[in-house]
**Q** 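My structure is below; once you've seen it, I'll send some questions.
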Amino acid sequence: MTEFSEHISNLLVPQITGREKVVDLFAGCGGLSLGFEAAGFVTRGFEMVSSAVQTYRRNLNGPCEEVKLEVGFEYPSADVVIGGPPCQPFRVRGKQQGMNDARDGFPIFIDAVKRLNPRLFLFENVRNLMFSHRWYLDLILNELEKLGYVVEFRCLNAVNFGVPQNRERLVVVGHRSSFRFPEHEQHVATVGDAIGDTMATVPDGAKILTPEQDAYIAEYERKSHCARPRGLYPDMPSRTVTCRNLAGATSDMQRVRLPDGRRRGFRASRTHSSSAGTRCSSSRRKATPSRPCWRTNWHSRSGTRLSGAAALAPYRQPWTFDMKPRSTRADRLIGQMLDVLAATGIPVEKEPVRTRRRIAEAALAVAGISKSFTEAHSSDDGCFLTTRQIIAFENEKFGRTYSPGSYDDVRRRHLILLTAAGYVVNSSSLASQSTNNLTCGYAASPDFAALLRTYGKPGWKKAVADFMAQRETLRSELERKRELERIPVVLPSGVEVKLSAGEHNALQRDIVQKFLPRFGFGAEVLYLGDATDRYLVRETERLSQLGFFVLEHDELPDVIAYSESKNLLFLVEAVHSSGEITELRMRKLKGKLSRCTASLAFVSAFATRKDFRKSSANLAWESEAWIAEYPDHMIHFNGWKFLELQQRKS
């Protein structure tokens, strides 16, 4: 046995030290329950596969019932509900029938949470649920949030938590107090750490790949452009381990190259009878025999079962959560702000619980409220916060751990209702700049800040009435002003669209109306974005015909146009404060456009020569620069091809 095996066996020891009860749905062999038992909880599993139930009973202290769960099932009382609803409806290699698959267990899990009303729930599933079935995941999260939970989720990779396997799983947690996901470990465990003592051996009954199997796998790897033949390497973690790639000579099978050049397959051990409770069932791919079974045989030799370690990855270190509902200063302020928003007609009740709280936190941040509503300040005080500063305020003042990279959610999801109502103002409405400029700031409007300062005081109700009486007139004036300020843009097709006010969008107008008529060879606009309508123009079908890639809004160039006569695709960035075509930007776009059937022209557009000078040193070779101030000229970086053209002419 390796040192790693001994470490895992000693780390994950069931020991009940508390009274909190855990119900484990779709329990498999008890991987999730083992983690909770090692943390001192009392567990009870529910599983339909007999061999998995026997393994659970053999290795854990809690009981496990052999039963097929259904909606309406009567459970014992529990403080925590955990589980791994079957992943087959959502995994990439399956038919991906999702909610139409009879094996979909999420209705059962949601029903259990409704019935038991636990303090905490947790479930895990395949990463693909976040992508191909994202709409269904959102539906699941909304249903759970309606039950009064703060729901958080993250895609975790087992390799970051001391497990020698790259295994990504979606983990969703619901709570009513606080929760913190574990931090990544510094050391990355390898296959050599786990089974290094058996990798070069050839035990009795070992499966040695035949020349035909070797040839089949080699051909698959060639067509898949594998940089490194698939298999197990002592200096690396393994790929995701499943019953499929342990079963035989499949395209993704697990194998190791022996010193003599042959390749030996690793397959799931069946040296223990199913009655002993150690068999890995194909329908329970997360099946996890625990402590005594870590000494599971690999071809009659001692080793470590990586699939079990992977399922237990999140429990190598404790997850921080509070089982007791609590009322903190932040919770009090959030509740009060939600009270204010409800009283003034902001429809936050339609939003999920998590979004409601984020809206309230953002409102508190832009008003500078961290202790009391009497602190509220406004745009008149010059106190504007960027979206990143809003996140920093929430983290510092309210004890959150929001990622700075989620700044775009603040603008698009958390402030959108408040800015639309005029409760929060954007500095772009006071100065000529793009509303999605990273230097833009947000602040409470003067009248909203004044209302906040009266909250909880005797004149509060009258202040709300006066505030609402002025709202309709002010809103009408703002809408009229915004419409007057919008920038009309006439597309080459003759269609007119309108962009929101700002220097960035004025430059986008010049690109469409000045650059393309001069240098576009009759190009049609296939994409044009705006801060208020990110897909103002988007010709999806035309882009698809050209082999264009699907990107998020923040990855797209500002203007995309196509000249059919030249088969030339223009990728144009409107450079206001940043965003020019750099070497890195060009390389990324070229990589993603490798299947595009058109030639590419990368253009950085500037309003003035002064703006061009600021960014000229960053521009990529073989890209173009255009200045709206001098629309009849274009600058090409690296003019060698023009010198060649001149030589041919001479």
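Numbers here simply count residues along the sequence, with the first being 1.
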**Q** Yes or no on side chain to side chain contact (heavy atoms under 4.5 Å, CB included) for Val151 and Phe179, after CA distance, side-chain angles and deciding distance?
**A** CA-CA 10 Å; Val151 182; Phe179 179 85; over 6 Å; no

**Q** Between Arg356 and Ile334, is a side chain to side chain contact (heavy atoms under 4.5 Å, CB included) present by the stated rule, with each step listed?
**A** CA-CA 9 Å; Arg356 258 180 268 170; Ile334 289 169; over 6 Å; no

**Q** From the options Arg509, Gln508, Glu503, select the one residue that forms a side chain to side chain donor-acceptor pair (under 3.5 Å) with Asn505.
**A** Gln508

**Q** Below 4.5 Å, heavy atoms only, C-beta onward: do Ile391 and Val410 meet side chain to side chain?
**A** yes

**Q** So, using ring-ring contact (aromatic ring centres under 6.0 Å, His included) as the criterion, who are the partners of Phe393 when residues are at least two apart?
**A** Phe398

**Q** Starting at OG of Ser406, measure out to CZ of Arg388 and round the result to the nearest 0.5 Å.
**A** 9.0 Å

**Q** Return the NZ to CG distance between Lys371 and Leu364, rounded to the nearest 0.5 Å.
**A**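 Taking NZ in Lys371 and CG in Leu364, the distance rounds to 14.5 Å.
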
**Q** Would you indicate whether the side-chain heavy atoms of Ile581 and Leu571 approach each other to under 4.5 Å?
**A** no

**Q** Quick check: closest heavy atoms across Thr401 and Asn395, and the distance to 0.1 Å?
**A** N-OD1, 3.4 Å

**Q** Could you state the interatomic distance from NZ (Lys457) to CZ (Phe373), rounded to the nearest 0.5 Å?
**A**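 Between atom NZ of Lys457 and atom CZ of Phe373 there are 12.0 Å.
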
**Q** Is it the case that more than 12 heavy atoms not belonging to Glu375 sit under 6.0 Å from its CD atom?
**A** yes

**Q** Give the minimum heavy-atom separation between Gln389 and Thr386, together with the two atoms involved.
**A** OE1-N, 2.8 Å

**Q** Is it the case that over 12 heavy atoms from other parts of the model lie below 6.0 angstrom from the CD atom of Glu496?
**A**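 Yes, enclosed.
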
**Q** For the pair Phe519 and Phe515, name the ring-plane relationship: parallel under 30°, tilted 30 to 60°, perpendicular over 60°.
**A** tilted

**Q** Which residues pass the ring-ring contact (aromatic ring centres under 6.0 Å, His included) test with Phe123, not counting sequence neighbours?
**A**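 By the ring-ring contact (aromatic ring centres under 6.0 Å, His included) rule, Phe123 matches Phe106, Phe109.
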
**Q** Give a yes or no answer on whether the side chain of Thr240 reaches the backbone of Asn166 with a donor-acceptor pair at less than 3.5 Å.
**A** yes

**Q** Not counting sequence neighbours, which residues clear ring-ring contact (aromatic ring centres under 6.0 Å, His included) with Tyr630? List them please.
**A** none

**Q** Could you check if a side-chain atom of Leu341 sits within less than 4.5 angstrom of a side-chain atom of Leu417, using non-hydrogen atoms only?
**A**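 No; the side chains remain at least 4.5 Å from each other.
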
**Q** Can you confirm whether or not the ring centre of Phe161 sits under 6.0 Å from the ring centre of His184?
**A**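 Judged by ring-centre distance (under 6.0 Å), Phe161 and His184 do meet the cut-off.
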
**Q** Check the angle between the aromatic planes of Phe606 and Phe612 and answer parallel, tilted or perpendicular using the 30° and 60° thresholds.
**A**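 Aromatic pair Phe606/Phe612 classed perpendicular.
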
**Q** Atom NE2 in His377, atom CD1 in Ile369: separation rounded to 0.5 Å?
**A**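 Between His377 NE2 and Ile369 CD1, I get 8.5 Å after rounding to 0.5 Å.
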
**Q** How long is the span from the OG atom in Ser544 to the CG atom in Leu526, to the nearest 0.5 Å?
**A** 11.5 Å

**Q** Identify the two heavy atoms, one from Phe153 and one from Leu170, that lie closest to each other, and give their separation to 0.1 Å.
**A**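 It is CD1-CD1, 3.8 Å.
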
**Q** Between Asp447 and Tyr423, do the side chains contain an N or O donor and an N or O acceptor separated by less than 3.5 Å?
**A** no

**Q** Would you please test Asn157 and Glu168 for side chain to side chain contact (heavy atoms under 4.5 Å, CB included) and show each step?
**A** CA-CA 4 Å; Asn157 192 336; Glu168 292 184 298; 3.8 Å; yes

**Q** Show the numbers, then the answer: is there a side chain to side chain contact (heavy atoms under 4.5 Å, CB included) between Leu333 and Gln336?
**A** CA-CA 5 Å; Leu333 290 173; Gln336 291 173 342; 3.8 Å; yes

**Q** Which pair of heavy atoms, one from Ala362 and one from Glu394, lies closest together, and at what distance?
**A**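 The pair with the smallest heavy-atom distance is N-OE2, 3.4 Å.
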
**Q** Do Tyr455 and Met337 come close enough that some side-chain heavy atom pair is under 4.5 Å?
**A**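 Side-chain contact under 4.5 Å: no.
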
**Q** Just by distance, do the side chain of Ser445 and the backbone of Gly422 share a donor-acceptor pair under 3.5 Å?
**A**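 Yes.
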
**Q** Measure the shortest side-chain to side-chain distance between Ser379 and Phe384 over non-hydrogen atoms and say whether it is less than 4.5 angstrom.
**A**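 Ser379 vs Phe384: side chains touch.
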
**Q** List in chain and number order the residues that pass ring-ring contact (aromatic ring centres under 6.0 Å, His included) with His133, two or more places apart in sequence or in another chain; answer none if no residue qualifies.
**A** Phe90

**Q** Ser616: which residues meet the side-chain hydrogen bond (donor to acceptor under 3.5 Å, both in side chains) condition with it, sequence neighbours left out?
**A** none

**Q** Could you tell me whether a side-chain N or O of Arg329 sits under 3.5 Å from a main-chain N or O of Lys397, the two making a donor and an acceptor?
**A**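 A pair under 3.5 Å: yes.
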
**Q** Could you tell me whether a side-chain N or O of Asp339 sits under 3.5 Å from a main-chain N or O of Gly335, the two making a donor and an acceptor?
**A** no

**Q** Taking all heavy atoms of Leu593 and all of Phe548, pick out the closest pair and write down the distance.
**A** CD2-CD1, 3.5 Å

**Q** About how many Å separate CG of Leu507 and CD1 of Ile627, when rounded to the nearest 0.5 Å?
**A** 11.0 Å

**Q** So for atom CG, which belongs to Leu147, do other residues, nucleotides or ligands contribute more than 12 heavy atoms lying within a distance under 6.0 Å?
**A**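 Atom CG in Leu147 is crowded, with more than 12 foreign heavy atoms closer than 6.0 Å.
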
**Q** Could you tell me whether a side-chain N or O of Glu580 sits under 3.5 Å from a main-chain N or O of Val575, the two making a donor and an acceptor?
**A** no

**Q** Tell me, with the steps shown, if Tyr527 and Asp558 meet side-chain hydrogen bond (donor to acceptor under 3.5 Å, both in side chains).
**A** CA-CA 8 Å; Tyr527 171 79; Asp558 292 313; over 6 Å; no

**Q** With a 4.5 Å limit on heavy-atom distance, are the side chains of Leu141 and Val172 in contact?
**A** yes

**Q** Do His175 and Tyr149 have side chains that approach each other closer than 4.5 Å (heavy atoms only, starting at C-beta)?
**A** no

**Q** Checking Glu361 against Tyr402: is there a side-chain donor and acceptor pair closer than 3.5 Å?
**A**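 Looking only at side-chain atoms, Glu361 and Tyr402 do form a donor-acceptor pair, the distance falling under 3.5 Å.
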
**Q** Are the side chains of Ile635 and Leu619 in contact, using a 4.5 Å heavy-atom criterion?
**A**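 Leu619 vs Ile635: side chains apart.
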
**Q** Could you work out, with side-chain hydrogen bond (donor to acceptor under 3.5 Å, both in side chains) as the rule, every residue matching Arg453, not counting sequence neighbours?
**A**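 So Arg453 forms no side-chain hydrogen bond (donor to acceptor under 3.5 Å, both in side chains) with any residue.
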
**Q** Taking atom CZ of Arg518 as the centre, does the number of heavy atoms from other residues, nucleotides or ligands within less than 6.0 Å exceed 12?
**A** yes

**Q** So, does Ser378 use its side chain to make a donor-acceptor pair with the main chain of Ala449 at under 3.5 Å?
**A**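 Judged by distance alone, no pair lies under 3.5 Å.
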
**Q** With no hydrogens and no angle check, is any side-chain donor or acceptor of Gln513 less than 3.5 Å from a backbone partner on Val490?
**A** yes

**Q** Which pair of heavy atoms, one from Val464 and one from Ala343, lies closest together, and at what distance?
**A**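 Smallest interatomic distance, heavy atoms only, reads CG1-O, 3.8 Å.
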
